[in-house]
Amino acid sequence: MSRVFNFSAGPAALPETVLRRAGEEMLDWHGVGCGVMEMSHRGKAFTRIVERAEADFRVLLKVPDNYKVLFLQGGATQQFSQIPMNLLDGGSADYLVTGSWSQKAFKDAERMARNIGGSVRLAGSTVADVVGRVVPHAEMSLDPAARYVHLCTNETIHGIEVQDESQLPLTAAPLVADMSSHILSRSIDVSRYGLIYAGAQKNIGPSGLVIVIVREDLIGRAWVGTPPVMDYKVMADNGSMLNTPPTYAIYIAGLVFEWLLDQGGVAAIERANIEKAKRLYAFIDASDFYANQVEAGSRSRMNVPFKLADEAMNDEFIAGADAAGLTQLKGHKSVGGMRASIYNAMPLGGVDALIAYMRDFASQRG
Ligand SMILES: *Cc1c(COP(=O)(O)O)cnc(C)c1O
């Protein structure tokens with residue numbers, strides 16, 4: 001068996017130790033005689049798994065006690081509609097748009113507001129900029145009475161990240177953040193947010209699972225037509241188990257959390273992520289052959305899009321990378337070029353191997 005360095009944006013590479021452990025436990029979890037996929041979600045064994053997963057997640061992100069942690073389904077995309085259903089409450093919400101994901105969230109919220117009452121405002125946008133960037137404070141027009149302010153703190157497709165909490169909107173309204181593609185990659189202050197959500201398939205585990213961290217005082221005022229499985233209050237009151245949760249996905253997420261704790265937690269993985277991103281951007285910036293189109297203060301540590309000086313060489317670049325065991329480097333179709341996603345599970349060795357390949361390719365074709 002040989003595993004490649006997988007630069008997929010998502011579903012993305014998982015730590016090898018997690019996959020090995022899941023393999024070992026596939027047929028018989030801790031001597032109970034069956035695997036996790038085959039056990040009741042209300043039984044003792046799975047209760048241990050989900051309680052441990054939540055506890056570890058809370059430790060990793062230092063989640064304050066007045067926040068609920070929910071394990072939900074439907075991916076981050078379902079949250080685009082579920083957030084206004086639960087939080088809009090007939091009022092108005094502000095949206096910052098910095099790339100494809102926050103744009104989608106904005107569009108879905110607009111449609112939802114038309115259906116349920118309330119409204120949605122564009123409070124700042126950089127999505128049309130040639131050089132990507134977060135919305136600077138001076139370009140935000142925030143409504144102090146907004147029910148919430150939504151932003152995507154890491155734009156997976158464009159490679160734009162809120163690098164520092166000083167870049168967050170300054171407002172008394174609760175911040176709602178899509179952290180799908182950088183959750184657990186850096187230390188955050190959860191208390192700065194009203195709600196954080198993250199689809200699992202980038203830094204947590206299998207797709208379909210979405211984790212929501214929500215401040216308790218924000219739940220319980222969902223639109224009257226909200227289906228119970230989409231009502232945060234109902235799900236919180238039922239320990240995310242109103243119905244059968246995605247048990248296997250939660251189990252794998254739990255293994256990833258254990259792995260992160262073994263690495264030294266979020267602070268340690270953040271140091272590794274800083275080093276990986278620093279090496280890759282430094283190489284790109286020093287090269288005439290490759291270019292990244294994001295302002296320095298907004299560059300993502302997780303998703304590094306780049307273009308070749310001669311785009312006619314894209315296919316050759318991808319084919320050579322595949323042959324070298326460096327896979328899924330093709331950029332999103334809406335942006336073109338290349339994208340290296342270097343999430344927590346990507347070792348420094350994978351980034352070094354990518355840089356070596358890029359250097360060789362440029363020196364032969366550049
Ligand atoms: C991947 C991604 C999504 C969509 O996730 P789904 O699970 O496909 O719904 C939303 N937001 C961000 C930032 C993402 O990276």
Side-chain angles (χ1 to χ4, degrees), residues 6-14 70-86 95-112 125-127 132-135 148-163 167-168 175-186 188 193 195-214 229-230 240 245-246 248-250 252-253 256 273 277 294 298-305 328 330-335 339-346:
N6 170 8
F7 294 91
S8 171
L14 285 166
L70 307 176
F71 294 99
L72 306 178
Q73 310 193 46
T77 302
Q78 186 163 296
Q79 294 306 309
F80 296 166
S81 298
Q82 208 168 323
I83 286 161
M85 269 183 183
N86 278 271
Y95 277 70
L96 296 173
V97 175
T98 46
S100 304
W101 290 116
S102 51
Q103 176 89 287
K104 280 193 174 152
F106 175 58
K107 295 284 172 213
D108 282 6
E110 272 189 319
R111 183 184 33 72
M112 189 53 67
S125 175
T126 57
V127 71
R133 59 195 179 117
V134 301
V135 181
Y148 62 89
V149 181
H150 181 281
L151 72 162
C152 176
T153 46
N154 189 63
E155 290 281 2
T156 320
I157 292 172
H158 294 77
I160 297 166
E161 181 171 18
V162 172
Q163 293 185 346
Q167 294 171 314
L168 291 173
L175 300 182
V176 171
D178 179 354
M179 294 197 185
S180 295
S181 49
H182 74 160
I183 194 155
L184 295 169
S185 72
R186 55 165 63 237
I188 53 165
Y193 302 87
L195 185 150
I196 292 167
Y197 64 107
Q201 69 271 32
K202 281 73 183 227
N203 248 340
I204 293 176
S207 58
L209 173 67
V210 54
I211 299 186
V212 173
I213 309 170
V214 59
V229 285
M230 294 188 182
S240 304
Y248 199 75
I250 292 170
I252 297 288
V256 170
N273 288 332
V294 179
S298 303
R299 282 175 163 182
S300 170
R301 286 181 192 153
M302 297 283 101
N303 309 98
V304 183
Q328 310 209 45
K330 197 174 164 118
H332 191 272
K333 58 184 184 302
S334 63
V335 174
R339 171 177 48 171
S341 294
I342 51 175
Y343 299 120
N344 288 347
M346 176 59 66

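Heads up: numbering here begins at 1 and tracks the sequence. Whatever order the structure lists ligands and atoms in, that order sets their numbers, starting from 1.
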Notebook entry, point to check: Do you know which of Ser8, Pro11, Pro206 makes side-chain contact (heavy atoms from CB on, under 4.5 Å) with Gln201?
Noted result: Pro11
Item checked: Minimal non-hydrogen separation, Ala109 against Tyr95, with atom names -> CB-OH, 3.2 Å
Checklist line | Numbering as shown, the atoms of ligand 1 that approach Lys202 to under 4.0 Å (heavy-atom distance) | finding: 1 (C), 2 (C), 3 (C), 14 (C), 15 (O)
Next item on the list: Could you tell me whether ligand 1 has any atom less than 4.0 Å away from a heavy atom of Ser181?
Entry: yes
Notebook entry, point to check: What atoms in ligand 1 come closer than 4.0 Å to a heavy atom of Cys152?
Noted result: 13 (C)
Notebook entry, point to check: Can you find a pair of side-chain heavy atoms, one from Trp101 and one from Asn154, that are under 4.5 Å apart?
Noted result: no
Check: Looking at Ala76, which atoms of ligand 1 are within less than 4.0 Å of one of its heavy atoms?
Finding: 3 (C), 4 (C), 5 (O), 6 (P), 7 (O), 9 (O), 10 (C)
Note to self: Give me the nearest non-hydrogen protein atom to atom 9 (O) of ligand 1 as residue plus atom name, then the distance to 0.1 Å.
What the structure shows: Thr77 OG1, 2.5 Å
Check: Considering the options Ser100, Ser300, Ser102, which one meets the side-chain hydrogen bond (donor to acceptor under 3.5 Å, both in side chains) requirement together with Glu155?
Finding: Ser102
Note to self: Among all protein heavy atoms in this structure, tell me which lies nearest to atom 11 (N) of ligand 1, with the distance rounded to 0.1 Å.
What the structure shows: Asp178 OD2, 2.6 Å
Next item on the list: Look at the rings of Phe80 and His150 and say which category their plane angle falls in: under 30° parallel, 30 to 60° tilted, over 60° perpendicular.
Entry: perpendicular
Check: In terms of side-chain heavy atoms, does His158 have a donor or acceptor partner in Thr98 at a distance below 3.5 Å?
Finding: no
Note to self: Just to be sure I read this right, does ligand 1 sit under 4.0 Å from the backbone of Asn154, its side chain, both, or neither, counting only heavy atoms?
What the structure shows: backbone
Margin query: Regarding atom 5 (O) of ligand 1: of the candidates Lys104, Met302, Gln201, which has the closest heavy atom?
Written below: Gln201
Checklist line | Enumerated ligand 1 atoms positioned under 4.0 Å from heavy atoms of Thr156 | finding: 12 (C), 13 (C), 14 (C), 15 (O)
Check: Hey, are the side chains of Val212 and Gln82 touching, using non-hydrogen atoms and a 4.5 Å cut-off?
Finding: no
